[in-house]
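Worksheet: one structure, shown below.
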Amino acid sequence: MFLILFAVIVGFTGVLTMRGPLTPLSENFSVLGYHVTGSTGTLFLFGIVIGALAMLGMSVLAGRCTPHR
């Protein structure tokens, strides 16, 4: 539980640190068809959300593969 809390704090700090006009993205590009514009904090936040959804999906798949007694 401590590790998850630490990861949330580090992620939240990273998003807040990399926000604003001082940290713009150097090139426009798209993530899953969505054109990302703005700061590196926005891109970092997208990475956190996609990673969390992937972990949730993998845990659901892993839960379905365990034998039931």
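Side chains included, hydrogens not; waters and symmetry mates left out as well; all remaining heavy atoms used. Worth saying up front: this structure is predicted, and the values here are computed from it rather than measured.
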Quick one: name the residues clustered hydrophobically with Phe12, using the 4.5 Å side-chain heavy-atom rule over I, L, V, M, F, W, Y, and just say none if it's on its own.
Leu16
Enumerate, atom names and distances included, each donor-acceptor pair closer than 3.5 Å involving a side-chain atom of residues 51-61, sequence neighbours excluded.
from	atom 1	to	atom 2	distance (Å)
Ser59	OG	Met55	O	3.4
Ser59	OG	Leu56	O	2.7

Give me the one residue out of Ile4, Ile9, Val10, Val8 that meets side chain to side chain contact (heavy atoms under 4.5 Å, CB included) with Phe6.
Val10
